[in-house]
Novice: 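Below is a structure I'd like to ask you about.
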Amino acid sequence: MTKKRALVTGGAGFIGNHLCERLLLEGYEVVCMDNLRTGSLENIAHLRDDADFEYVHHDVTTYLDCPGRLDEVYHFASPASPADFERIPIPILKVGALGTYNALGLAKARRARFMLASTSEVYGDPLVHPQPEDYWGNVNPIGIRGVYDEAKRYAESITMAYHRHHGVDTRIVRIFNTYGPRMRTDDGRMIPNFIQQALSGEPLTVYGSGSQTRSVQYIDDLVEGVLRLMKSPETRPVNIGNPVEYTVKEVAGLILDLSGSASELVHEPLPQDDPKRRCPDITRARETLGWEPRVPAGEGLSLTCDWFAERVQRETGRVAE
Ligand code: UDP
């Protein structure tokens, strides 16, 4: 039987590399495309020797091709950390707009099934809890976060236009906060920040009062949801996230407990438009994909702490406290 061949844009990024790994395990041939702006070759080093894996260095905001057969396109290229929203706003807008346009054009030309990696950020600072897919959101288009939120909202819009107008077979996954091994150490998001601070005995930087909430899912749960969605006939957006909601302070406490760290908490200013509550309604994923998260936060965070601790040891020769 011929293997399916998939293109993963952003394949050297945090989610992308886990997705490439899982697709290889499922017997796919995988083309991993990345411009390494936020991805890294280190993330895919363990995949490079696999005969079914190919890495292509390319910026998807420019004309996109992928010679050979192509069955599925997973468009996962995009910086996604709020720290990046201020640092590289224009590349974020370009990859959401031009990158999605190019990736859809490729899928259309090759009659490949297409998946857009969208985000809970399409709901902005939501006024409805938990957030179902038919909630339209509360987004500040001209705020600092707007570059990501609006790029992804545009990306959803053009994906549905290609679906309706050109008949492209599309999927949209709305990804809620995800964490796990191989997140960037300079990512700037809550979990990598807290883990690194805990491991090095520095204070954990809690933005604002820390009473804002997030629901955090382990990477393996997300990848399982992504694969199920790609196989399913569901063309409406589907939330994939863990509905267990924690305050930021509670996440800090969990990480301190798991790492055995004696670090203190320090409060820093809350970034502009930081959502006060975020929690997915996953009824659609449960009903249409039979999916729900399996990895509790204690287990996933512990695996992630171990990975960061090993990394510190590799880089510095120092054992994390
Ligand atoms: N946050 C924090 N300290 C940090 C990094 C983030 O308190 O060092 C907060 C941030 O203000 C937000 C939450 O943690 O309320 C989650 O932030 P993250 O950057 O992980 O992503 P977001 O969910 O905002 O996209």
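Start at 1 with the first residue, then count along the sequence. All values below were derived from every heavy atom in this structure, side-chain atoms included, with hydrogens, water molecules and symmetry-related copies excluded. Whatever order the structure lists ligands and atoms in, that order sets their numbers, starting from 1.
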Novice: As a test of reading the model: which residues have a non-hydrogen atom less than 4.0 Å away from ligand 1?
Specialist: P82, E121, R145, N177, G188, R189, M190, N193, F194, T205, V206, Y207, Q212, R214, V248, P271, D274, R278
Novice: Going by salt bridge (Lys or Arg N to Asp or Glu O under 4.0 Å), name the residues that satisfy it together with R153, two or more places apart in sequence or in a different chain.
Specialist: E150
Novice: Can you give each donor-acceptor pair under 3.5 Å made by side-chain atoms of residues 14-33, sequence neighbours left out, with the distance rounded to 0.1 Å?
Specialist:
from : atom 1 : to   : atom 2 : distance (Å)
N17  : OD1    : R182 : NE     : 2.6
N17  : OD1    : R182 : NH2    : 2.9
N17  : ND2    : G13  : O      : 2.8
N17  : ND2    : F14  : O      : 3.1
H18  : ND1    : R182 : NH2    : 3.4
H18  : NE2    : P181 : O      : 2.9
E21  : OE1    : H46  : NE2    : 2.6
E21  : OE1    : R182 : NH2    : 3.1
R22  : NE     : E26  : OE2    : 2.9
R22  : NH1    : E224 : OE1    : 2.9
R22  : NH2    : E26  : OE2    : 3.1
R22  : NH2    : E224 : OE1    : 2.9
Y28  : OH     : E72  : OE1    : 3.0
Y28  : OH     : E72  : OE2    : 3.1

Novice: Applying ring pair (Phe, Tyr, Trp, His ring centres under 6.0 Å), name anything that partners H267, two or more places apart in sequence or on another chain.
Specialist: none
Novice: Using the rule side chain to side chain donor-acceptor pair (under 3.5 Å), only one of K152, E156, R171, R174 pairs with S118; which is it?
Specialist: E156
Novice: Do the side chains of D52 and K3 get close enough for a salt bridge, i.e. N-O under 4.0 angstrom?
Specialist: yes
Novice: Look at the aromatic rings of Y101 and Y162 and report parallel, tilted or perpendicular, splitting at 30° and 60°.
Specialist: perpendicular
